Amino acid sequence: MKDRLKSIIEHSLTALIEQGKLPPLDLPEVKVERTKDKSHGDFACNIAMVLARSAKMNPRQIASLLVDSFSDVDFITAVEIAGPGFINFTLSSDTTQQIVKEVLDKADQFGRSTIGQGKSVQVEFVSANPTGPLHVGHGRGAAFGSAVSSLLKEAGFSVHREYYVNDAGRQMDILATSVWLRYLEACGQQLVFPSNGYRGAYVFDIAAQLKNEFGDKFVKSVGDVFTDIPDDEPQGGDKELHIDALIAKANTLLGEAAYREVFNAGLTSILSDIRADLSDFGSDYDEWFSERSLMESGVVDQVIEQLKQADMLYQEQGAWWFKSTEFGDEKDRVVVRDNGQTTYFASDIAYHLNKYQRGFDTVIDVWGSDHHGYIPRVKASLAAMQQDTERLKVLLVQFAVLYRGSEKVAMSTRSGEFVTLRELREEVGRDAARFFYVLRSADQHMDFDLELAKSQSNDNPVYYVQYAHARVCSVFRQLTERGMSWDKAAGEAELNKLVASHEQDLLTMLARYPEVIESAATNYTPHLVAHYLMDLARDFHTYYNAHQFIIDDVALSQARLTLIAAVRQVITNGLTVLGVSAPEVM
RNA sequence: GCGCCUGUAGCUCAGUUGGAUAGAGUGUCAGUUUCCGAAACUGAAGGUCACAGGUUCGAUUCCUGUCAGGCGCGCCA
């Protein structure tokens with residue numbers, strides 16, 4: 001509808017210029033927007049005010065010329081000039097009413113558009129290191145990432161959801177060593193656990209599993225393990241040096257093959273836990289991409305070679321540095337350490353190049369906002385390889401600050417003091433958790449009060465929306481119980497009976513849904529959908545309290561039932577986009 | 001110190017890319033069931049849009065500065 005109005009206005013403008021009634025001028029994009037106040041009609045256009053300056057004319061005068069030149073169209077009943085020069089359009093009630101038919105015809109397709117033109121988008125989200133279970137901080141990225149993916153799909157993009165598995169690197173070695181040390185303890189040995197190791201309960205579980213499966217295969221004497229290891233921090237040493245030495249010792253004592261077995265035990269256990277967790281949370285993926293595969297296939301080395309050839313790397317103090325400052329980064333970044341190991345950043349360059357080479361039109365990274373400083377160097381690396389950095393979009397998600405009542409909860413994976421995503425899901429439910437996460441815009445800090453979410457979960461807005469859906473279902477159940485039925489065709493033929501103000505509000509609300517989806521998709525803002533659903537639910541509840549649906553006037557009754565059937569459909573569609581269920585009974 | 005983000009009702013947050021009288025939830029107060037589900041509805045109260053300038057027909061929105069908070073600034077990931 002916006003587009004139709006737009007083209008009418010554009011035609012009139014060009015006609016007026018040709019007729020010499022308006023001076024020749026460059027036409028800006030015509031914007032037609034929904035009004036926020038009903039008294040201003042359904043749509044408004046501000047073009048007259050926008051043009052006033054360049055045309056050197058009074059905006060109301062321009063508006064008046066435009067309005068006079070509009071040809072009559074059947075779907076508009078009133079065109080008015082208001083305020084400083086707005087042109088307000090009022091739709092015919094017949095046009096407004098037909099949205100019900102459209103919703104029911106398109107059903108779960110209602111809201112789909114083709115603005116994505118089938119272009120391919122890759123969305124990478126969560127990608128937490130497999131060094132421990134997902135915690136509530138990851139939940140927001142999971143809910144946001146999959147909601148954005150669903151939105152893009154609705155908008156006509158071809159979407160590929162991906163999880164980047166950091167199954168290589170130092171953090172994984174720390175995990176492997178932590179598992180091994182816990183295993184040694186499980187085998188009856190006494191030791192002082194490194195302060196920088198992973199202390200979570202799941203490490204004990206993996207160690208116990210290891211012992212079950214392999215017996216004493218990996219047992220070495222603790223005396224040997226801690227020989228020639230520099231002091232840990234509590235003993236006045238450096239915790240990083242301490243843990244690195246332990247990793248090296250694990251490698252030499254166990255040998256490469258056995259070390260790899262311990263390493264993989266930790267990796268596969270945690271990764272399968274993460275996969276199950278995300279799946280249960282309703283965040284599904286098309287691909288799990290392994291960092292190790294990039295290293296083992298030599299892609300990382302190739303990329304480094306490519307950058308060397310392009311004179312983008314230089315050697316200093318034994319390390320290889322990437323000249324990211326030449327592309328706007330604050331400082332140059334190391335890609336190969338002096339000990340010969342490639343950095344995480346080197347893998348990431350290779351990974352992003354790989355994404356580009358797979359041919360995605362747009363590559364989206366969903367990152368925690370604490371990684372924002374990372375954006376310039378990744379973009380720099382792509383620029384250095386003559387890639388179009390505009391294809392990469394990084395969406396930052398602020399972490400939810402967790403509260404227990406009024407007390408802030410300290411979060412640390414290493415110390416094992418965190419609330420897992422699984423715990424959250426079990427306590428507040430998947431629907432409430434997902435809805436809560438996407439209720440706020442992603443770039444906004446969010447306070448997540450566990451006590452509130454747990455103890456007063458009935459106050460969560462998700463129930464308000466779901467209840468509206470269940471209520472519609474309930475009406476149809478009631479209808480059946482009374483031996484009556486809903487006749488869709490009859491209802492659609494009687495839509496002109498829907499003239500009450502509550503009905504008009506609902507009709508307008510339904511018509512807005514595709515616009516909301518489009519806006520939410522193009523701006524990567526799923527919270528708009530959550531807010532829309534709350535608005536729609538409110539209008540429905542208000543309507544419910546003001547009018548009866550099952551009444552003696554058969555024609556009106558069928559029209560109303562048809563309307564609320566459409567409401568039910570749109571609630572279902574919207575909740576589905578957010579990964580939230582639409583229960584028939586609550 | 002530098003960079004990015006944020007500052008809107010008591011609290012948690014929206015605000016249609018610069019538009020008309022700044023909104024919702026929650027909390028507080030006052031009401032609504034012989035009626036399809038009261039997990040609902042109606043009404044009231046609640047604001048110097050952090051502060052000060054600037055840009056223009058018009059600013060919560062854009063620019064500058066100040067103040068306050070968060071995050072980042074490793075041969076970690």
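Letters go in sequence order (proteins before strands), and every chain restarts at 1. The structure presented is a predicted model; accordingly, all values stated were derived computationally and were not measured.
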Which of these nucleotides, [options], is closest to any side-chain atom of [X]?
X      : options             : answer
A:R337 : B:G69, B:C76, B:A40 : B:C76
A:E330 : B:A77, B:G3, B:A40  : B:G3
A:R170 : B:C36, B:A77, B:U56 : B:A77
A:Y467 : B:U42, B:A38, B:G15 : B:A38
A:D370 : B:C71, B:C41, B:G37 : B:C71
A:Q444 : B:U6, B:A77, B:G37  : B:U6

[N] versus [M] - spacing of their [atom1] atoms, nearest Å:
N     : M     : atom1 : result
B:U60 : B:A50 : P     : 10 Å
B:G46 : B:G7  : P     : 25 Å
B:G72 : B:U56 : C1'   : 37 Å
B:A38 : B:U21 : C1'   : 33 Å
B:G54 : B:U12 : C1'   : 33 Å
B:G19 : B:G37 : C1'   : 42 Å
B:G10 : B:A45 : C1'   : 12 Å
B:C62 : B:U6  : P     : 9 Å

Could you give the [atom1]-to-[atom2] distance, from [X] to [N], as a whole number of Å?
X      : N     : atom1 : atom2 : answer
A:N196 : B:G74 : CG    : C1'   : 14 Å
A:N545 : B:G43 : CG    : P     : 12 Å
A:L396 : B:G3  : CG    : P     : 18 Å
A:D244 : B:A77 : CG    : P     : 10 Å
A:Q317 : B:G74 : CD    : P     : 14 Å
A:I47  : B:C57 : CD1   : C1'   : 15 Å
A:R377 : B:G72 : CZ    : C1'   : 9 Å
A:Y463 : B:A38 : OH    : C1'   : 18 Å

Phosphate contact (B:A38 OP1 or OP2) by A:R471 side-chain N/O below 4.0 Å: yes
A:T542 vs B:U42: side-chain N/O to OP1/OP2 distance below 4.0 Å: yes
So [X], base contact, sugar-phosphate only, or nothing? Heavy-atom distance under 4.0 Å.
X      : value
A:F476 : nothing
A:V336 : nothing
A:A319 : base
A:D338 : base
A:Q466 : nothing
A:R53  : sugar-phosphate
A:H547 : base
A:Y374 : base
A:H371 : base
A:S519 : nothing
A:E29  : nothing

Which base, if any, makes a Watson-Crick or G-U wobble pair with [N], both distances under 3.5 Å?
N     : result
B:G3  : B:C71
B:A39 : none
B:C11 : B:G25
B:U64 : B:A52
B:U33 : none

Protein-to-nucleotide contact annotation, 5' to 3' order, nucleotides 18-25 of chain B [B base; S sugar-phosphate only; - none; under 4.0 Å, heavy atom]: -BB---SS
5'-most by nearest nucleotide on RNA chain B - A:H372 or A:F549: A:H372
Closest-nucleotide ordering on RNA chain B, the 5'-leading residue of A:R333 and A:T525: A:T525
A:V570 and A:Y532, any side-chain heavy atoms less than 4.5 Å apart: yes
Any side-chain heavy-atom pair of A:L578 and A:L533 under 4.5 Å: yes
Cation-pi geometry met for A:R4 and A:F43 (6.0 Å, 45°): no
Mutual orientation of the aromatic rings belonging to A:W321 and A:Y314 [parallel < 30°, tilted 30-60°, perpendicular > 60°]: parallel
Stacked pair A:Y544-B:C36, distance under 5.5 Å, angle under 30°: no
Syn/anti state for B:U42 [syn: chi within 90° of 0]: anti
Close aromatic pair by centroid cut-off 6.0 Å: A:Y544 and A:F549: yes
Side chains of A:N88 and A:E80, donor plus acceptor under 3.5 Å: no
